[in-house]
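This report concerns only the one structure given below.
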Amino acid sequence: MKYRRRVVMKRTIRKAVTGFRTVDGAGVNLVRVLGRDNVEEFDPILMLDSFDSTDPADYTAGFPMHPHRGIETVSYLYRGRMVHRDTLGNEDQISDGEVQWMNSGSGILHEEQVPAAERLLGVQLWLNLPEEDKMSVPTYRAIRKDEIREIPFEGGFLRLLAGAYGAYQGHRGDHLPLDYYDVHLDEDAELVIPTEEDESVMVFTLLGDALVADEPVREKTAVKLTEGDSLSLRGAAGGSQILVMKSRALHEPVAWAGPIVMNSRQELSEAFLELEEGTFIRERPDFNTGR
């Protein structure tokens with residue numbers, strides 16, 4: 001019996017996006033790297049905001065209480081602090097190297113305060129929820145530094161923020177899969193990451209330029225990769241810090257208005273009507289039971 005040799009398909013760059021500067025919340029200066037114009041290409045990641053400032057005036061106004069439905073928000077701060085409060089009764093703070101993961105599900109109100117720090121450096125991404133999970137029970141979880149495995153390799157290390165890397169396991173979300181890595185590479189060091197051929201894979205160059213799939217990519221750039229079973233990353237001059245996100249494309253209709261993302265305009269209209277009528281929040285904390 002003859003066996004066919006498996007052909008290795010290296011991923012290449014399909015799209016690179018640098019975004020634009022904007023102001024959000026109560027006056028937070030940030031770079032909106034991904035948004036409405038990139039929904040189909042970067043599916044299931046809807047939005048990616050980048051924060052990088054040594055001036056507290058850029059961000060300490062924070063994000064006052066606001067609603068979400070139909071998405072998960074995943075915030076990673078490599079430097080800085082963020083305080084989260086929500087209508088489930090959660091009040092929590094993350095700091096250097098930690099993650100906040102919130103499933104808004106059927107509806108939640110939350111706020112994020114951003115205290116002054118020597119430097120605020122990180123990203124927040126919006127991960128779309130599958131249609132069957134849009135109205136799931138909202139949840140919140142912090143991923144602490146002592147839960148984040150740091151995996152060394154020649155010329156660098158990988159911080160496993162969520163999901164899996166080889167035999168290593170990190171936090172897993174309850175809905176769409178998300179493998180989330182913070183990769184640190186010395187100059188000219190290379191890391192080849194195995195991927196499932198049909199996974200949706202993107203990277204964001206958080207600090208420093210880098211070579212992604214053998215092509216030069218500037219700092220603060222989001223890159224969507226083609227299908228394939230491996231992704232090559234190489235450090236540029238001065239070293240590189242690269243965020244890698246692997247998930248599964250949904251290929252579902254997206255109806256998006258402000259902080260709410262559903263599958264149809266009718267569902268959006270229902271959500272905003274519920275906000276007006278005070279019926280938006282389905283899950284409320286029962287302080288007698290500790291929920």
Side-chain angles (χ1 to χ4, degrees), residues 14-15 17-28 30-50 62-75 84-88 90 100-112 123-140 173-178 198-202 204 222 224 245-284:
R14 174 175 291 160
K15 179 84 171 181
V17 180
T18 55
F20 56 92
R21 291 199 167 275
T22 189
V23 177
D24 205 343
V28 177
L30 53 85
V31 174
R32 180 139 298 153
V33 184
L34 300 179
R36 297 174 188 276
D37 295 338
N38 316 110
V39 168
E40 186 173 345
E41 290 167 311
F42 284 80
D43 180 14
I45 293 174
L46 298 167
M47 193 176 81
L48 189 145
D49 285 345
S50 170
F63 302 89
M65 195 69 73
H66 59 281
H68 283 296
R69 176 178 284 180
I71 62 170
E72 299 187 84
T73 64
V74 184
S75 303
H84 166 100
R85 293 187 183 90
D86 64 40
T87 45
L88 293 177
N90 295 301
Q100 284 180 342
W101 190 313
M102 186 186 77
N103 168 36
S104 67
S106 62
I108 198 168
L109 302 179
H110 81 138
E111 66 177 7
E112 295 144 310
V123 300
Q124 181 180 95
L125 64 88
W126 286 11
L127 182 66
N128 202 4
L129 280 169
E131 184 174 7
E132 66 268 20
D133 295 331
K134 287 289 188 186
M135 300 299 285
S136 57
V137 175
T139 57
Y140 167 84
D174 296 326
H175 304 288
L176 267 186
L178 178 66
D198 60 349
E199 281 181 310
S200 176
V201 180
M202 65 161 286
F204 179 66
K224 181 64 188 292
M245 302 149 210
K246 300 193 299 171
S247 189
R248 173 174 58 83
L250 291 173
H251 304 298
E252 294 178 354
V254 173
W256 181 355
I260 297 172
V261 183
M262 303 302 288
N263 295 103
S264 70
R265 299 299 303 181
Q266 180 180 344
E267 291 170 335
L268 280 182
S269 296
E270 290 171 358
F272 283 101
L273 179 60
E274 290 174 10
L275 278 170
E276 291 178 8
E277 295 180 342
T279 59
F280 181 78
I281 303 299
R282 310 291 179 89
E283 298 290 328
R284 297 183 183 277

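The figures here come from the full heavy-atom set of this structure, side chains too, leaving out hydrogens, waters and symmetry mates.
- With no hydrogens or angles considered, a side-chain donor-acceptor pair links E112 and Q124 at under 3.5 Å.
- Judged as a side chain to side chain donor-acceptor pair (under 3.5 Å), and not counting sequence neighbours, the contacts of N90 are D86.
- Heavy atoms only, all atoms of each residue included: S104 and P138 are closest at O-CG, 3.4 Å.
- Looking at residues two or more places apart in sequence or on another chain, you find no ring-ring contact (aromatic ring centres under 6.0 Å, His included) involving H175.
- The two residues V261 and K134 have their closest heavy-atom pair at O-NZ, 2.9 Å.
- Shown here are the salt bridge (Lys or Arg N to Asp or Glu O under 4.0 Å) partners of D24, two or more places apart in sequence or in another chain: R32.
- When the shell of 6.0 Å around CZ of R21 is examined, it contains 12 or fewer heavy atoms from other residues, nucleotides or ligands.
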Below 3.5 Å, can you tabulate the donor-acceptor pairs from side chains in residues 248-258 to any protein atom, sequence neighbours excluded?
unit_1	atom_1	unit_2	atom_2	d
E252	OE1	E131	N	3.0
W256	NE1	G258	O	2.8

side-chain contact (heavy atoms from CB on, under 4.5 Å) between S200 and K224, worked out
CA-CA 8 Å; S200 176; K224 181 64 188 292; 3.4 Å; yes
Which is it for D43 and E40 under the side-chain contact (heavy atoms from CB on, under 4.5 Å) test, yes or no, and what are the steps along the way?
CA-CA 5 Å; D43 180 14; E40 186 173 345; 5.9 Å; no
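- Atom OG1 in T87 sits 13.5 Å away from atom OH in Y140 (nearest 0.5 Å).
- For the atom pair CD1 of I71 and CG of L125, the computed distance is 9.5 Å after rounding to the nearest 0.5 Å.
- Side-chain atoms of S50 do not come within 3.5 Å of backbone N or O of V31 as any donor-acceptor pair.
- Within a 6.0 Å sphere centred on CD of E132, other residues, nucleotides and ligands contribute more than 12 heavy atoms.
- Looking only at side-chain heavy atoms (C-beta outward), L46 and V39 come within less than 4.5 Å of each other.
- For the atom pair CG (N128) and CE (M47), the distance works out to 12.5 Å, reported to the nearest 0.5 Å.
- The salt bridge (Lys or Arg N to Asp or Glu O under 4.0 Å) check on K246 picks up D179, E199, with sequence neighbours excluded.
- The nearest pair of heavy atoms linking D37 to E41 is O-OE1, 4.3 Å.
- Shortest non-hydrogen contact noted between N263 and E267 is N-OE1, 2.8 Å.
- Counted by atom type alone, S136 and N103 present one or more donor-acceptor pairs between their side chains at under 3.5 Å.
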Distance-only donor-acceptor pairs under 3.5 Å for side chains of residues 270-280, two or more places apart:
unit_1	atom_1	unit_2	atom_2	d
E270	OE2	Q266	NE2	3.2
E274	OE1	R69	NH1	3.2
E274	OE1	R69	NH2	2.7
E274	OE1	R282	NH2	3.2
E274	OE2	R282	NH2	2.9

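- Within the 4.5 Å cutoff, side-chain heavy atoms of L48 are placed close to those of M245.
- With contacts defined as side-chain heavy-atom distances shorter than 4.5 Å, the pair L127/I45 qualifies.
- Smallest separation of non-hydrogen atoms from L176 and E72: N-OE2, 4.3 Å.
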Carefully, step by step, assess F42 and V17 under the rule side-chain contact (heavy atoms from CB on, under 4.5 Å).
CA-CA 10 Å; F42 284 80; V17 180; 4.0 Å; yes
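- The main-chain N or O of H66 is never found under 3.5 Å from a side-chain atom of H68 such that the two would form a donor-acceptor pair.
- Contact detail for P177 and S247: the closest heavy-atom pair is O-OG, 2.5 Å.
- D49 CG to W126 CH2: the interatomic distance, rounded to the nearest 0.5 Å, is 8.0 Å.
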